[in-house]
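Below, all heavy atoms of this structure are taken into account, side chains as well, without hydrogens, waters or symmetry copies. Remember, it's 1-based here, ligands and their atoms both numbered in the order they're listed.
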Amino acid sequence: MADFLSAYSIQNWLESAPQGYLMGTEFGHQPDEAEIELITGNPVLREDAIRTTVQLIAGERCALSASSGLINAAPDEGSKRFLATQTLDEARHVEIFTQRLYDLGVPKAGLEDAIKQYANPNLVKFAEILLEKVDRKDFVAGVVGQNIVLEGMAFSVFEMMYAMNQEVNPKFAHTLAGTIADERRHVGFGENRIGSLIKQFPEKRGEVERMQKDLSYFMLATFADAFRNTQTLDELQRLGVERSHGNYQGADLGTLEPEEMESLLADTVLKEFKTRLGRIGIEYQTPARPS
Ligand SMILES: [Fe+2]
Ligand SMILES: [Fe+2]
């Protein structure tokens with residue numbers, strides 16, 4: 001427990017994040033970086049970027065509600081303090097991705113309408129299932145749902161997006177890099193804290209496994225929609241702009257079809273769930289594949 005407390009203390013958070021990798025950033029990126037003109041100047045690419053960013057905001061708003069709600073459900077002081085740092089991280093994520101919508105030209109008065117218009121219904125359902133556990137102050141299910149499932153998903157999605165944007169959109173890539181570093185800490189907390197609690201409350205297993213299966217289903221359905229809706233590849237081809245050749249999980253993203261990217265992402269996330277859940281003593285349940 002001593003190690004657990006120091007690794008996830010507020011002191012450690014201050015040194016590694018605000019005074020570490022976030023030093024000198026403005027809304028997550030370098031002050032002199034801006035959204036690229038290829039996107040802001042093209043209606044098709046811009047709408048795709050807005051739709052994608054709205055999903056990030058929807059996920060981060062869910063994480064903000066969950067991490068703040070779990071503070072009062074936590075059984076120990078160390079977890080409460082860690083979740084307080086996580087709450088600020090998630091609020092920052094909501095803020096930087098909201099700022100990206102403004103950078104993409106969404107008017108401040110139109111923010112909630114844009115979120116309503118573009119938020120994927122499957123992702124909304126995912127958030128409802130998780131927040132229902134949090135509202136019932138179910139700490140074990142809440143932390144597995146948030147710190148293993150939601151953040152495991154976010155982590156992999158951000159890594160793939162980072163690989164796609166690193167060369168072509170440094171501003172957005174830097175915003176993602178800080179978020180990835182935060183999510184890595186959140187996932188680590190979930191694994192470290194929950195393993196012992198699952199041993200303590202083995203009767204929670206069945207319910208947690210069911211929740212993971214439901215959440216995974218809505219995650220896969222969200223991925224399916226996202227990769228089917230995208231117009232970006234066709235538009236880049238029409239413009240004669242070469243796709244970015246970022247490397248993700250050993251694959252060149254510049255050569256994959258959207259369906260191939262979807263299965264690469266889904267397989268990566270599900271494999272990580274399996275590993276992480278196994279470590280905390282939860283048996284991974286295979287979700288149905290959305291048609
Ligand atoms: Fe987050
Ligand atoms: Fe997080």
Next item on the list: Tell me the protein N, O or S atoms under 2.8 Å from the Fe ion (ligand 2), in chain and number order.
Entry: Glu90 OE2, Glu151 OE1, Glu183 OE1, His186 ND1
Notebook entry, point to check: Does a side chain donor of either Asp225 or Thr222 reach within less than 3.5 Å of an acceptor in the other side chain?
Noted result: no
Check: More than 12 non-hydrogen atoms from neighbouring residues, nucleotides or ligands closer than 6.0 Å to CD on Glu37, yes or no?
Finding: no
Check: Is Glu33 reaching over with its side chain to a backbone N or O of Gln30, donor-acceptor style, under 3.5 angstrom?
Finding: yes
Margin query: I'd like to check the salt bridge (Lys or Arg N to Asp or Glu O under 4.0 Å) partners of Glu191; sequence neighbours left out, ordered by chain and number.
Written below: Arg276, Arg279
Checklist line | Cation-pi check, Arg193 onto Phe82 ring (under 6.0 Å, within 45° of axis) | finding: no
Note to self: If the threshold is 4.0 Å, N to carboxylate O, is there a salt bridge linking Lys204 and Glu207?
What the structure shows: yes
